[in-house]
Amino acid sequence: MEHGDAHITVVDEEGNEQLCEVLFTFEAEQFSKSYVLYYPVGAEEDENEEIEIMASSFIPGEEGEQGELKPIETDEEWDMIEEMLNTFLAEDEEDDEEE
């Protein structure tokens with residue numbers, strides 16, 4: 001995957017491919033990693049009007065090559081990702097209210 005891609009294809013443990021919409025990407029200097037938050041294309045909202053959002057770290061690919069998604073490894077990373085997501089959602093909600 002590359003920074004700025006709108007969609008990524010995620011392959012699960014069984015080798016099934018799933019097209020996902022990229023919510024946003026960011027870099028975290030404290031972990032020296034890039035992260036991507038995404039959700040399956042066509043995902044349905046649950047009873048709380050929420051969609052399951054997934055997160056991975058990623059290694060950008062060389063020019064013309066695909067990058068590589070990696071699992072999140074620590075609770076500290078998950079805490080930082082959750083904080084970034086909450087900030088993103090709060091800003092998105094503010095934008096919706098201004099329209």
A quick test of your reading: do over 12 heavy atoms of other residues, nucleotides or ligands sit less than 6.0 Å from CD of Glu14? yes
Ile81 and Ala55: which non-hydrogen atoms are nearest, and at how many Å? CG2-CB, 3.9 Å
Pairwise distance CG(Leu89) to CE(Met84) - rounded to 0.5 angstrom: 11.5 Å
Test side chain to side chain donor-acceptor pair (under 3.5 Å) applied to Ser32 - qualifying residues, sequence neighbours left out: none
Check salt bridge (Lys or Arg N to Asp or Glu O under 4.0 Å) between Glu21 and all other residues, then give those that pass, not counting sequence neighbours. none
Any heavy-atom pair between the side chains of Val11 and Asn16 that's under 4.5 Å? no
Listed by chain and number, what are the side-chain contact (heavy atoms from CB on, under 4.5 Å) partners of Ala28, not counting sequence neighbours? Phe26, Phe31, Tyr35, Met80
If you measure from CG on Leu23 to OH on Tyr38, what distance do you get to the nearest 0.5 Å? 12.0 Å
For Pro40 and Glu52 the tightest heavy-atom approach is CD-O, 4.2 Å
Which atom pair, heavy atoms only, marks the closest approach of Ala43 to Ile51? CB-CG2, 3.8 Å
Any side-chain heavy atom of Phe24 sitting closer than 4.5 Å to one from Leu85? yes
Has the side chain of Glu91 got a donor or acceptor atom that lies under 3.5 Å from a matching backbone atom of Phe88? no
Nearest 0.5 Å please: distance from the CD atom of Glu17 over to the CD1 atom of Ile8. 12.0 Å
So Glu73 and Lys33, do their side chains get closer than 4.5 Å, heavy atoms only? yes
Walk me through it: do Thr25 and Phe58 pass the test side chain to side chain contact (heavy atoms under 4.5 Å, CB included)? CA-CA 10 Å; Thr25 62; Phe58 72 93; 4.2 Å; yes
Looking at every non-hydrogen atom in both residues, tell me the closest pair between Pro71 and Ser57 and how far apart they are. O-OG, 3.9 Å
Greater than 12 external heavy atoms within 6.0 Å of Asp79's CG: yes
Between Val10 and Leu19, does the side chain to side chain contact (heavy atoms under 4.5 Å, CB included) criterion hold? Intermediate values first, please. CA-CA 6 Å; Val10 178; Leu19 183 63; over 6 Å; no
Do Val41 and His7 touch side chain to side chain, with heavy atoms closer than 4.5 Å? yes
Close side-chain approach of Ile59 and Lys70, heavy atoms under 4.5 Å: yes
Please report the interatomic distance CD(Gln30) to CD(Glu77), rounded to the nearest 0.5 Å. 8.5 Å
